[in-house]
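Notes to accompany the following structure.
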Amino acid sequence: MKNLEIINNLESIKALTNLGAEIYLVGGCVRDHYLGKESKDIDIIVSLIDDTTIISCLEKFGKVDKVGESFGVIKFIPFGWEGEPIDVAQPRIDILEDKSKGHHGIKAQFDPFIPISDELGRRDFTVNSIAVKLDGTIIDPFNGLQDIENKIIRATSNQSFTEDPLRMLRAIQFSSRFGFDIEKNTWEMILQNCSDIKTISGERIIEELNKIFYKGDINKGLKLLINSGLHKQLFPNVRYVTPTDDNIYTIEDFYFTICGSCENFKNVLKGDNSIFNGIKAISYMLELDHYSTPVERMYFFDCYKISNSLINSKIIEFHFGEVQKEFKDGKLPKKITELAINGEDLSLIHI
């Protein structure tokens with residue numbers, strides 16, 4: 001395992017073990033190794049020594065960022081390190097203190113002496129609940145390796161979605177990325193708990209949706225989104241259109257299909273202005289119905305000024321392919337400066 005070899009060669013890791021620490025490689029980098037994928041992220045669990053000792057030790061070998069200290073996680077960048085920061089955490093368990101608050105009522109409890117099996121038990125899915133010790137020993141109390149082999153997404157516990165409802169969307173994201181099936185009981189839990197997705201911030205939701213678009217099977221991801229009930233909970237008034245390879249190409253196509261409007265994209269998902277404008281441009285174009293080609297050209301020109309993503313939109317190609325092609329091929333101007341007119345022409349407009 002490449003990442004295991006990397007951390008074994010770090011002087012900082014050797015120093016921690018000399019202090020009595022037990023160190024485990026965990027999370028996505030372990031999962032990705034067994035999926036045959038390269039992972040740039042390195043997450044480690046350091047047990048048997050306290051956080052003060054960990055930080056004091058690591059500061060001798062690199063930069064320690066304590067921004068995640070309240071969560072028991074720090075970012076560590078060894079001197080001369082060119083990769084992503086290493087996530088260093090202590091073992092933790094999650095305790096539900098107030099059931100009425102859902103996942104907001106859960107408090108993380110960190111303890112260097114929590115067994116690694118308990119630490120793995122609070123993770124989302126079995127494929128992410130695998131640890132590897134520095135000597136290569138595999139800790140897999142929930143049979144995550146078997147689920148990887150069988151291509152299954154399975155919740156690690158029956159409380160997985162209570163602890164964090166975003167995990168329902170993560171199950172879909174993983175399924176679309178890896179081509180895995182969601183295990184029956186896990187799927188039933190999603191159906192039962194889908195309304196809880198409304199308690200999650202739009203920023204967190206959009207992060208998972210982006211992974212479906214950029215890394216996954218878009219068609220599969222969106223079909224699971226609608227069949228799970230998550231889409232209806234987020235956008236109850238949006239008519240869902242089954243995606244095909246013919247109507248989703250740009251990120252704006254993707255979010256127009258999901259949100260139905262730029263207002264939903266902004267209000268529910270808190271999305272950025274660039275995609276907001278792309279969805280707005282698509283919406284404006286689709287307001288046209290049985291207009292002449294010259295009018296379509298005029299609308300396309302105006303909408304392209306709102307967002308130039310329109311030039312590659314599959315949704316627009318489906319409805320206005322001929323006009324879009326004229327602009328794409330350069331047969332028609334995309335901006336005022338490309339218009340074949342001069343000052344005399346403009347003066348005539350006012351006559």
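Heavy atoms only: backbone and side chains are in, while hydrogens, waters and symmetry mates are out.
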Task: Polar side-chain atom of N8 near backbone of E5 as donor-acceptor pair, under 3.5 Å - done: no
- [ ] Evaluate the side chain to side chain donor-acceptor pair (under 3.5 Å) criterion for residues N210 and K215: first the C-alpha distance (whole Å), next the side-chain angles of each, then the deciding distance (0.1 Å), finally the verdict.
- [x] CA-CA 8 Å; N210 281 346; K215 299 181 179 181; over 6 Å; no
Open item on the list: Just checking E322: does its CD atom have more than 12 heavy atoms from other residues, nucleotides or ligands closer to it than 6.0 angstrom?
Closed with: no
Open item on the list: Contact between F178 and I148 at the side-chain level, heavy atoms closer than 4.5 Å - yes or no?
Closed with: no
Task: ILVMFWY cluster, W81 and F61 together (side-chain gap under 4.5 Å) - done: yes
Open item on the list: With a 4.5 Å cut-off on side-chain heavy-atom distances among I, L, V, M, F, W and Y, is there a chain of contacts connecting I116 to L19?
Closed with: no
TODO: Report the distance from atom CD1 of I13 to atom CG of L4, rounding to the nearest 0.5 Å.
DONE: 10.5 Å
Task: F254 and L222: CA distance, side-chain angles, deciding distance, side-chain contact (heavy atoms from CB on, under 4.5 Å) verdict - done: CA-CA 9 Å; F254 180 70; L222 294 187; 3.6 Å; yes
Open item on the list: For V64 versus F76, what's the shortest heavy-atom pair and its separation?
Closed with: CG2-CD1, 4.0 Å
- [ ] Taking all non-hydrogen atoms of both residues into account, name the closest pair between K266 and G271 and its distance.
- [x] NZ-O, 2.8 Å
Open item on the list: Less than 4.5 Å apart, side chain to side chain, heavy atoms only: is that true for S228 and I172?
Closed with: yes
Open item on the list: I need the minimum non-hydrogen distance between R123 and S129, along with the two atoms involved.
Closed with: CB-OG, 3.5 Å
Task: Any side-chain heavy-atom pair of D41 and N3 under 4.5 Å - done: no
Open item on the list: Any side-chain to backbone donor/acceptor pair from T186 onto A155? Under 3.5 Å, distance only.
Closed with: yes
For residues 24-36, run the donor-acceptor check on the side chains, cut-off 3.5 Å, and write out each pair with its distance to 0.1 Å, sequence neighbours left out.
| unit_1 | atom_1 | unit_2 | atom_2 | d |
| --- | --- | --- | --- | --- |
| Y24 | OH | E22 | OE1 | 2.4 |
| R31 | NH1 | N128 | OD1 | 2.8 |

Open item on the list: Check whether S175 reaches the backbone of A171 with its side chain - one donor and one acceptor, N or O, closer than 3.5 Å.
Closed with: no
Task: Within-4.5 Å side-chain heavy-atom neighbours: P91 and I45 - done: yes
- [ ] Starting from the C-alpha separation in whole Å, work towards a yes-or-no answer on side-chain contact (heavy atoms from CB on, under 4.5 Å) for I311 and F300.
- [x] CA-CA 9 Å; I311 204 79; F300 194 99; 4.1 Å; yes
Task: Spacing of S12 atom OG and L10 atom CG [to the nearest 0.5 Å] - done: 4.5 Å
Open item on the list: Return the CG to OG1 distance between L225 and T257, rounded to the nearest 0.5 Å.
Closed with: 11.0 Å
TODO: Taking atom CZ of F213 as the centre, report whether more than 12 heavy atoms of other residues, nucleotides or ligands fall under 6.0 Å from it.
DONE: yes
Open item on the list: Using a 3.5 Å distance criterion without hydrogens, assess whether the side chain of T126 forms a donor-acceptor pair with backbone atoms of T156.
Closed with: no
TODO: Check for a donor-acceptor pair, side chain of E252 on one end and backbone N or O of I275 on the other, with a separation under 3.5 Å.
DONE: no
Task: Transitive ILVMFWY side-chain link I315 to Y299, under 4.5 Å - done: yes
Task: Polar side-chain atom of S160 near backbone of D124 as donor-acceptor pair, under 3.5 Å - done: yes
Open item on the list: If I take atom CZ from residue R297 and atom CD from residue E326, how far apart are they, to the nearest 0.5 angstrom?
Closed with: 4.0 Å
TODO: Would you mind checking if K314 and E317 are paired as a salt bridge, meaning a charged N to carboxylate O distance below 4.0 Å?
DONE: yes
Task: Side chain proximity check, D147 to I153, heavy atoms < 4.5 angstrom - done: no
Open item on the list: I need the I200 CD1 to D164 CG distance, nearest 0.5 Å.
Closed with: 5.0 Å
Open item on the list: With a 4.5 Å cut-off on side-chain heavy atoms, are I258 and H231 touching?
Closed with: yes
TODO: Could you tell me whether Y304 and F327 have their ring centroids closer than 6.0 angstrom?
DONE: no
Task: Heavy-atom side-chain proximity of W187 to N227 below 4.5 angstrom - done: yes
Task: Check: E208 side chain, M168 main-chain N or O, donor-acceptor pair, under 3.5 Å - done: no
Open item on the list: Please check this pair: side chain of S56 against backbone of T52, looking for a donor-acceptor N/O pair closer than 3.5 Å.
Closed with: no
Open item on the list: Minimum heavy-atom separation for L16 and I23, please, with both atom names.
Closed with: CB-CD1, 3.9 Å
Task: Check: S47 side chain, F113 main-chain N or O, donor-acceptor pair, under 3.5 Å - done: no
Open item on the list: For residues I44 and I138: do they belong to one hydrophobic cluster (side chain heavy atoms under 4.5 Å, members Ile, Leu, Val, Met, Phe, Trp, Tyr)?
Closed with: yes
TODO: Evaluate side chain to side chain donor-acceptor pair (under 3.5 Å) for D135 paired with T137, printing each intermediate quantity in order.
DONE: CA-CA 6 Å; D135 64 4; T137 302; 2.8 Å; yes
- [ ] Can you sort out the partners of N267 under side chain to side chain contact (heavy atoms under 4.5 Å, CB included), two or more places apart, ordered by chain and number?
- [x] E263
TODO: Heavy atoms only: give me the nearest F142-S117 pair and the separation to one decimal.
DONE: CE1-O, 3.9 Å
TODO: Using modelled atom types only, decide if a donor and an acceptor are shared between the side chain of Q233 and the backbone of D196 within a distance under 3.5 Å.
DONE: no
Task: Greater than 12 external heavy atoms within 6.0 Å of K232's NZ - done: no
Open item on the list: Between R167 and F125, is there a side-chain heavy-atom distance shorter than 4.5 Å?
Closed with: yes
- [ ] Give the minimum heavy-atom separation between P165 and I197, together with the two atoms involved.
- [x] O-CD1, 3.8 Å
Task: Side-chain ion pair, E11 and K14, N-O less than 4.0 Å - done: yes
Open item on the list: To the nearest 0.5 Å, what is the distance between CD1 on I316 and CG on D253?
Closed with: 8.0 Å
- [ ] Answer yes if I130 and L120 sit in the same cluster of Ile, Leu, Val, Met, Phe, Trp and Tyr residues linked by side chain heavy atoms under 4.5 Å apart, and no otherwise.
- [x] no
Open item on the list: If the threshold is 4.0 Å, N to carboxylate O, is there a salt bridge linking D111 and R92?
Closed with: no
Open item on the list: Apply side-chain contact (heavy atoms from CB on, under 4.5 Å) to residues N264 and L269 and explain how you reach the verdict.
Closed with: CA-CA 7 Å; N264 275 340; L269 298 183; over 6 Å; no
- [ ] Check step by step if side-chain contact (heavy atoms from CB on, under 4.5 Å) holds for I205 and L166.
- [x] CA-CA 7 Å; I205 291 171; L166 183 68; 4.2 Å; yes
